[in-house]
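None of the values given here were measured: they were computed from a predicted structure. Residue numbers start from 1 in every chain, and the chains themselves are labelled A, B, ... in the order their sequence lines are given, proteins ahead of strands.
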Protein chains: 2
Amino acid sequence: MDTQHDKSIKRAPGGKSGGRVTMSTIGKLAGVSQVTVSRALSDPAKVSPATMTRIREAIEITGFVPNAVAGALASRKSMLISAIVPSITNIVHASMVQAFSIPMREKGYEILLSESGLDAENEEKLIAAHLSRRPDAIYLTGIHHSPQARKMLMGADIPVVEVWDLTDTPIDICVGFHHSQAGRAVADFVHQSGHKRAATVSAGDERARRRRDAFSNRFADLTGSDIPTVTFEASASLSGGRQALSRLIDEDNFTEGAIFCSSDLLAHGVLVEAESRQLDIPGKVAIIGFGDQDFAQHLHPALTTVRVDRGDLGRAAATHLLKRIAGEPAHNAKLDIGFTIIKRHTA
Amino acid sequence: MDTQHDKSIKRAPGGKSGGRVTMSTIGKLAGVSQVTVSRALSDPAKVSPATMTRIREAIEITGFVPNAVAGALASRKSMLISAIVPSITNIVHASMVQAFSIPMREKGYEILLSESGLDAENEEKLIAAHLSRRPDAIYLTGIHHSPQARKMLMGADIPVVEVWDLTDTPIDICVGFHHSQAGRAVADFVHQSGHKRAATVSAGDERARRRRDAFSNRFADLTGSDIPTVTFEASASLSGGRQALSRLIDEDNFTEGAIFCSSDLLAHGVLVEAESRQLDIPGKVAIIGFGDQDFAQHLHPALTTVRVDRGDLGRAAATHLLKRIAGEPAHNAKLDIGFTIIKRHTA
DNA sequence: TTGTACGCGTTATCAG
DNA sequence: CTGATAACGCGTACAA
């Protein structure tokens, strides 16, 4: 169709008006070669102050912005980090990548961010798309990836950090905590608080289920009781929590015991519903959330929950990745960031 | 004499197993040239089924992932969209880019996302960094950018969409609403509800201030009263809201009237503090938030607030950008997405 | 349907 | 300190 555009560009090695401005353009203006411009930008100490000045001026008047695409191709370094998270609107993951991004950005890396929606198949496609941009490293959420994804990852030959979970067989680096451990710890906690019954309210994602199951199994071992559960396939919401408690009460006749929720949001919903039913908290019904979000401590009564330091986690992921990028062959590194049960007033 | 390809492959220094696999590699394996591989990938219909199969096999066994960096350089299309938001952990912006990303991703675009932290100088650096990767378009938050940033943006000659605010002089496309209009509307609303006094609790960012000032000016015009205010330079938080009300009461002797907060989070804090002081809501103290976040409707009493449809906004931004990318010369497009006051039980 | 030649805008490697 | 020249891996004419 419009070959005019192409032509004008091909023809433009000398032209500049509106045409692309490259290092050659700058060089011409400053009376040096393109290579010198490149050096001036990457290592100013290697060019004479005089030419440096002229180059600066040329850049200033043209508004030249170096083409990092060409740079990446030539140097085989993209200064790009690929990151894949389940959802960017989920504060858990948003705050982890945020913490992760800061040190990376300081080192000159940019972040290519995509959302997998917790779908392994979709994640695989995203990994392929990201890998095609030749990132210098990749940040993944969780430890479960399709076989094909793993293969591509290994083949890419770049550092990989898997966060928010732990495994004995990481692709490369792994920074997180054991979700099942957290579930068991909560079970022990509520059992020691004297509760004889328990229930769970959980989102459908794999890690939430793992916490829930670990909790249920441990609590069952401890008390012999069976543990009713409400699971959402959709994403967690406050109203979901309210409905969950209603179902627990109306369908499972659960009117006394501890309720372990897979997120503070769900816990908040359960709390709201419990209050509207004027249940005694934590006397008869105890509620435990997960995540220790900002609002948790301000609810009435303040929410007992499980805290994982997402800032630390993200920073640790960055630190380890940076080391690997720098050449340190720290394969199969595992870092357990742990968790803390924050006892407040709902349990 | 241009046997570059052969040379480069033979030359592969340290030639080990993990040598880079390119389209040439695939071509060799499939018995075709590099171009045919390129075509097979971009337009399968243009190669014979037989070669297509052989190429597929070669790709399969090598785990080849096309190099989009080289592709972008050659085609002058990066299929990359640059996005700059104040903060990724702010649900307002996270949900807008999320909505924006979906249609973009569907069209094959990837998102390069960075956080400016509401700092214009930092934003300028980010814009430069992003522009160096030659994105096909750019998504910016807000309408205030440094002169240098504007210059670079104009020079980049790519579609630009500015969201979450409105101006008569957009760089290119603009999708948002008038913050001052929202502030005035809230002033009218509380005035009509019969309040004779008002106060504001606001974060320090420019748009929040604009809403606050419009509110204050209008309310002052309407009632002649002066409007005490608490402003945070730090990011808004629930505890900030609590402190704000304390200050309003203790320092400004504000015990009756409407309080317009710059976010639901701050409003929640004010609400919590008001309840702990057992103030009559909305009888004596009315509280209006901003954002209509998920939790707003579930608070007790449910929070009256201002809603802006961020999903619509993000999608609209994507739609318009896509059109511009497709060649539509819709310069200086403005789209007012509007806002709604959601009356609930705090005002 | 397939291939050749070349350019995209840098960095890397040598020379000078 | 500066400059040729060759990659980097792919798309885009144009030919065959």
Side-chain angles (χ1 to χ4, degrees), chain A residues 1-13 19-28 30-55 62 64-79 131-134, chain B residues 1-13 19-28 30-55 62 64-79 131-134:
Chain A
M1 17 233 71
D2 90 340
T3 43
Q4 293 197 6
H5 192 57
D6 296 330
K7 274 194 212 163
S8 65
I9 286 165
K10 262 194 236 166
R11 180 174 56 81
R20 303 263 140 263
V21 25
T22 71
M23 288 188 174
S24 305
T25 319
I26 304 299
K28 233 153 263 172
V32 293
S33 76
Q34 171 268 138
V35 200
T36 304
V37 178
S38 173
R39 264 193 293 257
L41 262 35
S42 60
D43 194 352
K46 298 188 114 181
V47 306
S48 78
T51 56
M52 193 65 219
T53 312
R54 300 202 312 280
I55 289 176
T62 55
F64 169 66
V65 177
N67 187 328
V69 178
L73 182 59
S75 67
R76 291 161 161 290
K77 288 206 71 212
S78 61
M79 297 306 284
L131 250 29
S132 78
R133 296 192 188 267
R134 298 297 186 265
Chain B
M1 61 160 83
D2 189 353
T3 47
Q4 298 188 33
H5 298 303
D6 298 331
K7 273 199 216 159
S8 66
I9 285 165
K10 263 194 278 188
R11 192 186 58 82
R20 304 264 140 261
V21 24
T22 72
M23 287 188 174
S24 304
T25 318
I26 303 300
K28 232 154 263 172
V32 293
S33 74
Q34 170 260 323
V35 222
T36 304
V37 179
S38 172
R39 265 192 293 256
L41 263 36
S42 59
D43 194 352
K46 297 187 117 181
V47 307
S48 78
T51 56
M52 192 66 220
T53 312
R54 299 202 315 276
I55 289 177
T62 56
F64 169 66
V65 177
N67 186 327
V69 178
L73 183 60
S75 68
R76 292 163 157 287
K77 288 205 69 211
S78 62
M79 296 306 283
L131 250 28
S132 78
R133 294 188 190 271
R134 297 299 185 266

**Request:** Could you say whether A:Ala68 or B:Ala45 is positioned toward the 5' end of DNA chain C, judged by the nucleotide with the nearest heavy atom to each?
**Result:** B:Ala45
**Request:** To the nearest 0.5 angstrom, please state how far the CZ atom of B:Arg54 sits from the OG atom of B:Ser48.
**Result:** 7.0 Å
**Prompt:** Taking the side chain of A:Val35 as its heavy atoms from C-beta onward, which of C:dT13, C:dC8, D:dG9 lies nearest to it?
**Reply:** C:dT13
**Asked** D:dG11 C1' sits how many Å from B:Arg76 CZ, rounded?
**Response** 12 Å
**Request:** Can you figure out which of D:dC8, C:dT11, D:dG3 approaches the side chain of A:Leu73 most closely?
**Result:** D:dC8
**Message:** Rounded to whole Å, how long is the line connecting atom CZ of A:Arg20 with atom C1' of C:dT10?
**Reply:** 16 Å
**Message:** Nearest to the side chain of A:Phe64, heavy atoms from C-beta on, is which of D:dG3, D:dG11, C:dT10?
**Reply:** C:dT10
**Message:** Strictly distance-based, threshold 3.5 Å: is any side-chain N or O of A:Arg76 a donor or acceptor partner for the main-chain N or O of A:Leu73?
**Reply:** no
**Request:** Ignoring the backbone of A:Ser48, work out which of D:dC1, D:dG11, C:dT2 is nearest its side chain.
**Result:** D:dC1
**A:Arg39 CZ - C:dC14 P separation (whole Å)** = 14 Å
**Asked** Side chain of A:Asn67: nearest nucleotide among C:dT10, D:dG9, C:dT13?
**Response** C:dT10
**Prompt:** Within the structure shown, what part of the strands sits under 4.0 Å from A:Thr51 by heavy-atom distance: base, sugar-phosphate, or nothing?
**Reply:** sugar-phosphate
**Prompt:** Taking CG from B:Asp43 and P from C:dT1, how many angstroms apart are they, rounded to a whole number?
**Reply:** 10 Å
**Prompt:** According to a strict under-4.0 Å criterion, is B:Thr22 in side-chain N/O contact with OP1 or OP2 of D:dC8?
**Reply:** no
**Request:** Identify the two heavy atoms, one from B:Val65 and one from A:Arg134, that lie closest to each other, and give their separation to 0.1 Å.
**Result:** O-NH2, 2.7 Å
**Message:** What contact category does B:Ala50 fall into here, base, sugar-phosphate, or nothing, at under 4.0 angstrom with non-hydrogen atoms?
**Reply:** nothing
**Complete:** Among the nucleotides C:dT11, D:dC10, C:dT2, whichever has the atom closest to the side chain of A:Ser75 is C:dT11
**Nucleotide C:dT10, atom P - distance to CZ of B:Arg133 in whole Å** = 14 Å
**Item:** For atom CD1 of A:Ile26 and atom P of C:dT10, their distance in whole Å
**Value:** 9 Å
**Request:** Give the nucleotide from the list D:dC10, D:dA4, C:dG3 with an atom nearest to the side chain of B:Ser33.
**Result:** C:dG3
**Rounded interatomic separation in angstrom, taking CZ from A:Arg134 and P from C:dT11** = 19 Å
**Request:** Send over the distance from A:Met79 CE to C:dT11 C1', rounded to a whole Å.
**Result:** 14 Å
**Message:** Base, sugar-phosphate or nothing for B:Val32? Non-hydrogen atoms, less than 4.0 Å.
**Reply:** sugar-phosphate
**Message:** Of the options C:dG9, D:dG9, C:dT11, whose atoms approach the side-chain atoms of A:Ser38 most closely?
**Reply:** C:dT11
**Asked** Checking A:Arg133 side chain against B:Ser78 main chain: does a donor-acceptor pair fall under 3.5 Å?
**Response** yes
**Request:** Taking all heavy atoms of A:Thr25 and all of A:Arg20, pick out the closest pair and write down the distance.
**Result:** OG1-O, 3.9 Å
**Item:** With A:Arg39, the side-chain contact (heavy atoms from CB on, under 4.5 Å) member among A:Ile55, A:Val47, A:Thr51
**Value:** A:Val47
